[in-house]
Amino acid sequence: MPLSPVRALRPALWLAAALLAPAAMAQATAAAPAAAGPNVQDISLIAGTCANCHGPDGRSTGGIPSLRGVNERHLLARMQAFKAGTATDATVMTRLMKGYDDTQIQALAQWFSKEAK
């Protein structure tokens, strides 16, 4: 039985959303003062794109690591290594992190290091 067109496109749509989120956030924060950094809505938008692989709210139920509650310094170092291309165990993360600037990466590390309420 062949897959429906919507079902066949679902993985491509998730990847497109993940790749476009940094651009959408940059556009949303373009009018905000640079010193203020991303706001909570912006971070929740880009953090939401991580859910496809890392699970809802950063809690993975599979083989991909969970992000929620992990030490902020560790998350920041890992994301910076992905962006720099120095993480030897990386797959798609190297490409994804290149779409974020340093402020966004710092904000993501802070976002996921906090335990959810």
Got a sec, which residues hit side-chain contact (heavy atoms from CB on, under 4.5 Å) with [X], two or more places apart in sequence or on another chain?
X	value
Ser60	Ile64, Ser66
Ala109	Glu72, Leu75, Leu76, Met79
Ala87	Arg78, Ala81, Phe82, Asp89, Ala90
Asp102	Lys83

What are the two closest heavy atoms between [X] and [Y], and how far apart are they?
X	Y	answer
Thr103	Pro38	CG2-CD, 3.2 Å
Cys50	Leu67	CB-CD1, 4.4 Å
Ala107	Ile43	CB-CD1, 3.0 Å

**OP:** Could you grab the distance from atom CD of Gln80 to atom OH of Tyr100, nearest 0.5 Å is fine?
**Re:**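 The OH atom of Tyr100 is 15.0 Å from CD of Gln80, to the nearest 0.5 Å.
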**OP:** May I ask you to decide if Gln41's main-chain N or O and Asn39's side chain share a donor-acceptor pair within less than 3.5 Å?
**Re:** yes
Subject >> Side-chain donor or acceptor of Gln104 paired with backbone N/O of Asp101 under 3.5 Å >> reply: yes
**OP:** Side-chain contact test, heavy atoms from C-beta onward, threshold under 4.5 Å: evaluate it for Trp111 versus Arg68 and give yes or no.
**Re:**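 Sidechains of Arg68 and Trp111: in contact.
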